[in-house]
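All residue numbers in this chain count up from 1 along the given sequence.
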Amino acid sequence: KQTQGIDKPGIATGYNNVGAAYAAQQQNTKALLNYNISFKLQENQKDYQGAAMSLKNIGVIFQGQGKMSDALSNYWKAFDYQKKAEINNQ
C-alpha cells in the first residue's frame, strides 16, 4: 500500500538508493523495507532491469545475514527479471 499512486521511475530509484545507504550502515530492516518498496514500484512499471537490481540487493542483505535460502531465492528471481528485461530490449 505504500506504493499506491506512485508511478514515477525516479521514485523507485530513490527508494533503492535509500536502501543502499541503510545497508551500508548495517540497518538491514530499513534496507529491506526500502529495497522491497523499490522492487514493487519497478515491477508495477514493468522496469524489469530495475526490479532485478532491487531483488539482487535484497539477496545481498540476506546473504550477509547468513540466510542463504532467502538469498538464493532472491538471486533466482533477479535472474528471471533480468531475462525479461533482455527479452523486452530486443
Side-chain angles (χ1 to χ4, degrees):
K1 294 183 182 180
Q2 291 175 318
T3 61
Q4 206 166 13
I6 300 173
D7 61 358
K8 303 289 185 197
I11 301 296
T13 301
Y15 276 109
N16 198 60
N17 292 342
V18 170
Y22 280 127
Q25 297 173 15
Q26 301 296 309
Q27 294 187 43
N28 294 330
T29 301
K30 291 180 180 180
L32 287 171
L33 173 67
N34 283 280
Y35 287 148
N36 276 296
I37 292 170
S38 178
F39 167 71
K40 288 174 188 169
L41 290 170
Q42 290 156 332
E43 186 179 42
N44 289 341
Q45 298 162 10
K46 297 187 182 0
D47 175 4
Y48 299 127
Q49 189 163 359
M53 181 174 58
S54 292
L55 288 167
K56 186 232 11 136
N57 289 337
I58 292 167
V60 168
I61 295 291
F62 285 132
Q63 184 174 351
Q65 294 175 328
K67 298 178 180 177
M68 297 312 292
S69 178
D70 291 331
L72 285 168
S73 175
N74 280 278
Y75 290 149
W76 281 115
K77 287 179 194 173
F79 183 58
D80 289 340
Y81 274 90
Q82 188 60 48
K83 287 191 288 188
K84 283 184 189 181
E86 292 181 19
I87 289 169
N88 285 345
N89 288 334
Q90 291 181 354

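Taking both residues in full, the closest heavy atoms of Ala31 and Gly19 are given as CB-O, 3.4 Å, listed atom of the first, atom of the second, then distance. What you find for Gly59 and Ala71 is that their closest heavy atoms are O-CB, 3.4 Å. Across all non-hydrogen atoms, the minimal contact from Ala12 to Ser38 is O-OG, 2.8 Å.
Residues passing the side chain to side chain contact (heavy atoms under 4.5 Å, CB included) test with Ala51, sequence neighbours excluded: Phe39, Gln42, Tyr81. Under the side-chain hydrogen bond (donor to acceptor under 3.5 Å, both in side chains) criterion, Gln25 pairs with Gln27, not counting sequence neighbours. Among residues two or more places apart in sequence or in another chain, the side-chain hydrogen bond (donor to acceptor under 3.5 Å, both in side chains) test is passed with Asp47 by none.
In the hydrophobic clustering (ILVMFWY side chains linked at under 4.5 Å, chained through shared members), Met53 stands by itself. Here Val18 sits in one hydrophobic cluster together with Tyr22; the rule is ILVMFWY side chains under 4.5 Å apart, joined directly or through other members.
Within the model, atoms CD of Gln63 and CG of Asn74 stand 11.5 Å from one another, a figure rounded to the nearest 0.5 Å. Leu55 CG to Phe79 CZ: the interatomic distance, rounded to the nearest 0.5 Å, is 13.5 Å. To the nearest 0.5 angstrom, Asn16 atom CG is 10.5 Å from Asn36 atom CG.
Within the structure, the salt bridge (Lys or Arg N to Asp or Glu O under 4.0 Å) test picks out the following pairs touching residues 63-83 (sequence neighbours left out): Asp80-Lys83.
Two residues are said to be in side-chain contact when any heavy atoms from C-beta on lie closer than 4.5 Å; Gln82 and Tyr48 fail this criterion.
Residues Leu33 and Tyr15 are members of one and the same hydrophobic cluster, defined by side-chain heavy-atom contacts under 4.5 angstrom among Ile, Leu, Val, Met, Phe, Trp and Tyr. Note on Ile58 and Val60: separate hydrophobic clusters, where clusters join Ile, Leu, Val, Met, Phe, Trp and Tyr whose side-chain heavy atoms are under 4.5 Å apart, directly or indirectly.
Between the side chain of Tyr35 and the backbone N or O of Ala20 there is at least one donor-acceptor pair closer than 3.5 Å.
Few gaps surround CD on Gln65; more than 12 heavy atoms of other groups in view lie less than 6.0 Å from it.
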